[in-house]
Amino acid sequence: MTIGIIGGGQLGLMLAEQARLLGARTVALDPAPDAPAFAVCDEHIVAAYDDAAALEELCRRSDVVSYEFENVPGGVLIPLTEKYHIPQGFRPLYDSQDRLREKTNAREHGLLTPDFAAVEDEASLRRAVDEIGYPCVLKTRTLGYDGHGQAVLRSAEDLPKALPLLSVPCILEQFVRFDYEASIVLVRDARGRTIHFPVGRNIHRDGILDLCVVPAAMPSDLLERLVGASERFMAGCGYTGILAIEYFIRGDEFFFNEMAPRPHNSGHYTIEGCTTNQFREWARYLLGQEMEEPRLVAPTVMKNILGQDLEAAERTAREGCGDVHVHLYGKRVAKPKRKMGHITFVGMDKEEYDARWRDRFVK
Ligand code: AMP
């Protein structure tokens, strides 16, 4: 069978690697001629994500199609879902492409979210601030990622710096003074069976994921409630396929922050840290195979490698340390905040990572 992948980034690359191990072929579509996944896929198509003819060609060459890129426009995807086998469909993408819709949907399906309000101009921003109070966060409703398109407002003095964001529709959110962030990756098949990967504790730097530490070291009751609510959310929304959900944890409460119907950066640790990984189980879902319930092999730390850490990562790879697994995505141009790879430290907790490895990377 051939899996078609819309998007040829590192998520597509890692899906293609796992699909091959399961005996499947892959074909990826991406606008960049040197997209990372092209190095591993059997075939590729260089085209824009909204090129209807190219997407149709991808579908024709595939038995099943999915996406690793979350901004595929519905206008081109929806007609294809009627003709070809795209089992995740457009719905989870649609629900996640707009932060207002995403949080409204999360609330309607039983998840607690930060307070929020739609904002489209200065007057509605002032009304929303009166309602939600300081501190709060103004975010663009669409196309924001890794802290781009956001401004934290701590007092009325911060209002002027937020105004430029209002050139597009925005959402104002209560700023949650969380203890930590955590994420879960689930895969639900067509029969409604759901598996999930162990919850990770996420540590960000400058709005970008830096470390994912597993297990998340949270009370078992809280963990159980978070997993149960996530499974019910996914089933209640009728989603199948892969879904990642990010939460803010405060005391014994968890607040939905955002979701993505694709593998998650925080789930990269599963490749070596679990008995099966997020890419393999996603591939099994796409291929209609029985999914496997993952187990954690040992405490694991995943470190993201951005452009500024590439040399240190290459040195780590050359040293070839047993339970230190270096993944480099083969991107030609290294930019300071660009995700170039990740390193998984299996059999290590945060304290040991800090003592032995932290100083190697740029602070
Ligand atoms: P996002 O792109 O929405 O995931 O935001 C990027 C990061 O900004 C998050 O991982 C949080 O660290 C922080 N952040 C976003 N929204 C909030 C919020 N409502 N309260 C507190 N921190 C937030």
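As the structure lists them, so they are numbered: ligands from 1, and atoms in each ligand from 1.
- Proximity to Val176 (heavy-atom distance under 4.0 Å) selects the following atoms of ligand 1: 18 (C), 20 (N), 21 (C).
- For the pair Arg315 and Glu319, the salt-bridge criterion is met [side-chain N within less than 4.0 Å of a carboxylate O].
- At a heavy-atom distance under 4.0 Å, no atom of Arg177 approaches ligand 1.
- Among Lys139, Lys103, Glu102, the residue whose heavy atom sits closest to atom 3 (O) of ligand 1 is Lys139.
- For the 3.5 Å distance criterion, the side chains of Thr276 and Glu281 qualify, holding a donor opposite an acceptor.
- Ser155 and Asp158 share no donor-acceptor pair across their side chains, judged by distance under 3.5 Å alone.
- Side chain of Arg126 to backbone of Leu159: no donor-acceptor contact under 3.5 angstrom is found.
- Below 30°, between 30° and 60°, or above 60°: for His342 and His268 the angle between ring planes is between 30° and 60°, a tilted geometry.
- Proximity annotation for atom 11 (C) of ligand 1: of His204, Glu173, Glu181, Glu181 comes nearest, heavy atoms only.
- At least one heavy atom of Phe248 lies less than 4.0 angstrom from ligand 1.
- Neither the backbone nor the side chain of Asn202 comes within contact range of ligand 1; no heavy atom lies under 4.0 Å.
- Taking Glu181 as the reference, His204 meet the side chain to side chain donor-acceptor pair (under 3.5 Å) condition, with sequence neighbours excluded.
- Counting atoms of ligand 1 from 1 in the listed order, those under 4.0 Å from a heavy atom of Glu246 are 4 (O).
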